[in-house]
**Student:** 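Okay, handing you the structure first.
If you're wondering where the values come from, they're calculated on a predicted model, not measured in any experiment.
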Amino acid sequence: MVHWCQERNLAFYLETNSGVYCNDQMIKDGPAVMIKYGQGKGADLSNATEKAKSFIDSFTLIHGDEFYHEDVNKIDFIIRDYQDHLDAINAFPHLAHNTWGGKGELALFSDLGPTGINKKHAIEVLLDYLKLGKEDTISFGDAKVDLSMFECCGFNVAMGNGGPEIKEAADYITNDVNEDGLYNAFKYLKLI
């Protein structure tokens with residue numbers, strides 16, 4: 001996957017157990033894309049710029065053989081156009097593929113990880129460990145990637161800034177995340 005991204009000159013980063021590592025292209029392209037992401041979530045330009053800088057500053061820049069880690073959990077890359085995501089699906093059919101940072105085919109990032117490891121799986125593992133049932137859960141989501149989580153939770157809240165798929169699957173739709181959406185949902189659910 002690293003070689004594939006490098007051949008295509010894609011900005012990417014690796015999420016590993018030991019840290020988050022990126023290539024030079026991510027340092028170059030990442031800030032503008034993250035500003036776009038922040039503004040799409042409702043942040044003003046100043047706030048989006050600050051968050052983008054923080055996001056990029058959290059990476060460790062690496063080169064060459066340093067990219068080949070045994071502890072990679074997920075690889076994210078910036079989509080220049082949706083075809084990059086579709087090409088990754090064709091090139092790596094054995095991996096799970098998602099997009100994020102936008103709605104539908106307007107996504108900004110594609111990510112690849114182990115098949116079967118998603119938010120639903122994480123919740124099921126946690127519920128098993130805590131000896132709790134679906135009825136004990138509430139999920140919050142704003143994108144298609146959150147739909148698997150909605151499958152295994154007792155009550156599902158879509159953020160107002162979410163896409164149509166997540167809103168359609170929700171039991172309740174709250175305000176946008178930047179308009180006190182979580183706070184208002186917590187009040188609605190009588191959690192506060």
**Student:** Does the side chain of Val33 reach to within under 4.5 Å of the side chain of Lys36, using non-hydrogen atoms?
**Tutor:**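 A side-chain contact under 4.5 Å is absent here.
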**Student:** Nearest 0.5 Å, please: how far is OH in Tyr68 from CE in Met1?
**Tutor:**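 Those atoms lie 11.5 Å apart.
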**Student:** Taking atom CD of Glu15 and atom CG of Asn73, what is their separation to the nearest 0.5 Å?
**Tutor:**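 Rounded to the nearest 0.5 Å, the CD-CG separation comes to 7.5 Å.
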**Student:** Which pair of heavy atoms, one from Met34 and one from Ala52, lies closest together, and at what distance?
**Tutor:**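 Here Met34 and Ala52 meet closest at CB-CB, 3.5 Å.
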**Student:** Do Ile117 and Ile123 sit in the same hydrophobic cluster, where Ile, Leu, Val, Met, Phe, Trp and Tyr count as joined when their side-chain heavy atoms come under 4.5 Å apart?
**Tutor:**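 Different clusters.
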**Student:** Would you say the ring centroid of Tyr21 lies under 6.0 angstrom from that of Phe59?
**Tutor:**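 That pair fails the under 6.0 Å test.
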**Student:** For a quick test of reading the model, state the closest non-hydrogen atom pair linking Ile62 to His69 and the distance between them.
**Tutor:**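 Nearest heavy atoms, Ile62 then His69: CD1-NE2, 4.1 Å.
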**Student:** Quick check, are the ring centers of Tyr13 and Phe67 under 6.0 angstrom apart?
**Tutor:**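 No; Phe67 has its ring centre 6.0 Å or more from that of Tyr13.
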**Student:** Output yes when a side-chain donor or acceptor of Asn47 lies under 3.5 Å from a complementary backbone atom of Asp44, and no otherwise.
**Tutor:**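 A pair under 3.5 Å: no.
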**Student:** Could you check Phe12 against Trp4 for ring-ring contact (aromatic ring centres under 6.0 Å, His included), going step by step and ending with a plain yes or no?
**Tutor:** CA-CA 11 Å; Phe12 68 95; Trp4 184 86; 9.8 Å; no
**Student:** Measuring only between side-chain heavy atoms, which start at C-beta, is Lys120 closer than 4.5 Å to Glu151?
**Tutor:**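 Side-chain contact under 4.5 Å: yes.
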**Student:** In terms of relative ring orientation, are Phe92 and His94 parallel, tilted or perpendicular, with 30° and 60° separating the classes?
**Tutor:**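 Rings of Phe92 and His94: perpendicular, over 60°.
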**Student:** Between atom CZ of Phe186 and atom OG1 of Thr174, what is the distance when rounded to the nearest 0.5 Å?
**Tutor:**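 Reported value, rounded in 0.5 Å steps: 10.0 Å.
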**Student:** Would a distance-only check, ignoring hydrogens and angles, find a side-chain to backbone donor-acceptor pair under 3.5 Å from Asp136 to Leu132?
**Tutor:**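 It does not hold such a pair.
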**Student:** So does Ser18 get a backbone contact from the side chain of Asp71, meaning a donor-acceptor N/O pair under 3.5 Å?
**Tutor:**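 Indeed, once roles are kept as given, a pair shorter than 3.5 Å links the two residues.
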**Student:** Write down the atom of Ala185, the atom of Val157, and the distance for their closest heavy-atom approach.
**Tutor:**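 So the minimum-distance heavy-atom pair works out to CB-CG1, 4.0 Å.
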**Student:** Side chains of Lys119 and Val145: does their closest heavy-atom pair fall under 4.5 Å?
**Tutor:**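 Yes, at least one pair of side-chain atoms sits under 4.5 Å.
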**Student:** Say whether Leu10 and Val2 are linked into one hydrophobic cluster, either directly or through other cluster members, by side-chain heavy-atom distances under 4.5 angstrom.
**Tutor:**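 Yes, it is one cluster - the side chains of Leu10 and Val2 are joined through contacts under 4.5 Å.
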**Student:** Does any non-hydrogen side-chain atom of Cys22 lie less than 4.5 Å from one of Leu61?
**Tutor:**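 Contact flag for Leu61/Cys22 side chains = yes.
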**Student:** Please report the C-alpha distance between Thr137 and Phe155 in whole Å, then the side-chain angles of each, then the deciding distance to 0.1 Å, and finally whether the side chain to side chain contact (heavy atoms under 4.5 Å, CB included) criterion is met.
**Tutor:** CA-CA 7 Å; Thr137 61; Phe155 194 85; over 6 Å; no
**Student:** Could you tell me which non-hydrogen atom of Ala170 sits nearest to which non-hydrogen atom of Ala158, and how far apart they are?
**Tutor:**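 That would be CB-CB, 3.5 Å.
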**Student:** Between Ser139 and Asn156, is any side-chain donor less than 3.5 angstrom from a side-chain acceptor?
**Tutor:**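 Present: a donor and an acceptor within the cut-off.
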**Student:** Just by modelled atom types, is the Ala107 backbone N or O under 3.5 Å from a matching donor or acceptor in the Thr99 side chain?
**Tutor:**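 Not at all, since once roles are kept as given, no pair shorter than 3.5 Å links the two residues.
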**Student:** Is there a donor-acceptor contact under 3.5 Å from the side chain of Asn23 to the main chain of Met26?
**Tutor:**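 Yes, Asn23 side chain to Met26 backbone: donor-acceptor pair under 3.5 Å.
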**Student:** Taking a hydrophobic cluster as the set of Ile, Leu, Val, Met, Phe, Trp and Tyr residues connected by side-chain heavy atoms closer than 4.5 Å, whether directly or through intermediates, do Leu86 and Ile79 fall within one such cluster?
**Tutor:**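 Unlinked, Leu86 and Ile79 end up in two clusters.
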**Student:** State, with a plain yes or no, whether a side-chain heavy atom of His97 is found less than 4.5 Å away from one of His85.
**Tutor:**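 Yes - at least one pair of side-chain heavy atoms lies under 4.5 Å apart.
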**Student:** Is it the case that Asp24 and His63 place a side-chain donor and acceptor less than 3.5 Å from each other?
**Tutor:**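 The criterion, which ignores hydrogens and geometry beyond distance, is satisfied for His63 and Asp24.
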**Student:** Got a second to check how far Lys144's NZ is from Asn98's CG, nearest 0.5 Å?
**Tutor:**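 So the gap between those two atoms works out to 9.5 Å.
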**Student:** Could you please spell out the steps behind the side chain to side chain contact (heavy atoms under 4.5 Å, CB included) verdict for Ile166 and Glu168?
**Tutor:** CA-CA 5 Å; Ile166 200 76; Glu168 187 176 306; over 6 Å; no
**Student:** Take Asp87 and Arg8, measure what salt bridge (charged side-chain N to carboxylate O under 4.0 Å, His left out) needs, and give me the verdict at the end.
**Tutor:** CA-CA 11 Å; Asp87 290 348; Arg8 296 169 77 91; 2.6 Å; yes
**Student:** Apply the test side chain to side chain contact (heavy atoms under 4.5 Å, CB included) to residues Thr16 and Val20: give CA-CA distance (whole Å), side-chain angles for both, the deciding distance (0.1 Å), then the verdict.
**Tutor:** CA-CA 6 Å; Thr16 76; Val20 181; over 6 Å; no
**Student:** Working to the nearest 0.5 angstrom, can you tell me the gap between Ile75 CD1 and Leu95 CG?
**Tutor:**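 The CG atom of Leu95 is 8.0 Å from CD1 of Ile75, to the nearest 0.5 Å.
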**Student:** Counting only heavy atoms from other residues, nucleotides and ligands, does the tally under 6.0 Å from CD of Gln83 exceed 12?
**Tutor:**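 Yes, the 6.0 Å shell around CD holds more than 12 heavy atoms from other groups.
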**Student:** Can you check whether Glu50's main-chain N or O pairs, donor with acceptor, with Ser54's side chain at less than 3.5 Å?
**Tutor:**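 Between the backbone of Glu50 and the side chain of Ser54 there is no qualifying donor-acceptor contact (under 3.5 Å).
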**Student:** Counting N and O atoms only, with roles assigned by atom type, does the side chain of Asp180 sit under 3.5 Å from a partner on the main chain of Tyr183, one being a donor and the other an acceptor?
**Tutor:**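 No, Asp180 side chain to Tyr183 backbone: no donor-acceptor pair under 3.5 Å.
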**Student:** Is the shortest heavy-atom distance from the side chain of Ile35 to the side chain of Lys53 under 4.5 Å?
**Tutor:**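 A side-chain contact under 4.5 Å is absent here.
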**Student:** State, yes or no, whether a side-chain contact exists between Ile78 and Leu108 at a heavy-atom distance under 4.5 Å.
**Tutor:**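 Of all side-chain heavy-atom pairs linking Leu108 with Ile78, none is under 4.5 Å.
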**Student:** Kindly compute the distance separating CZ (Phe150) from CG (Asp171), expressed to the nearest 0.5 Å.
**Tutor:**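 Interatomic distance, Phe150 CZ to Asp171 CG, rounded to 0.5 Å: 8.0 Å.
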**Student:** Out of curiosity, does Leu130 fall in the hydrophobic cluster containing Ile138 (side-chain heavy atoms, cut-off under 4.5 Å, transitive links)?
**Tutor:**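 Cluster IDs for Ile138 and Leu130 differ.
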**Student:** Would a 4.5 Å heavy-atom cut-off, applied to side chains only, mark Ser110 and Leu112 as touching?
**Tutor:**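 Yes. Closest side-chain heavy atoms under 4.5 Å.
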**Student:** Taking the side chain from Asp84 and the backbone from Arg80, do they hold a donor-acceptor pair closer than 3.5 Å?
**Tutor:**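 At least one qualifying donor-acceptor pair exists.
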**Student:** For the pair Lys187 (side chain) and Ile192 (backbone), establish whether a donor and an acceptor sit closer than 3.5 Å, ignoring hydrogens and angles.
**Tutor:**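 No: the side chain of Lys187 does not pair with the backbone of Ile192.
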**Student:** With no hydrogens and no angle check, is any side-chain donor or acceptor of Asn161 less than 3.5 Å from a backbone partner on Val177?
**Tutor:**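 Answer holds: yes.
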**Student:** Between Asp176 and Met159, is a side chain to side chain contact (heavy atoms under 4.5 Å, CB included) present by the stated rule, with each step listed?
**Tutor:** CA-CA 5 Å; Asp176 285 14; Met159 304 306 294; over 6 Å; no
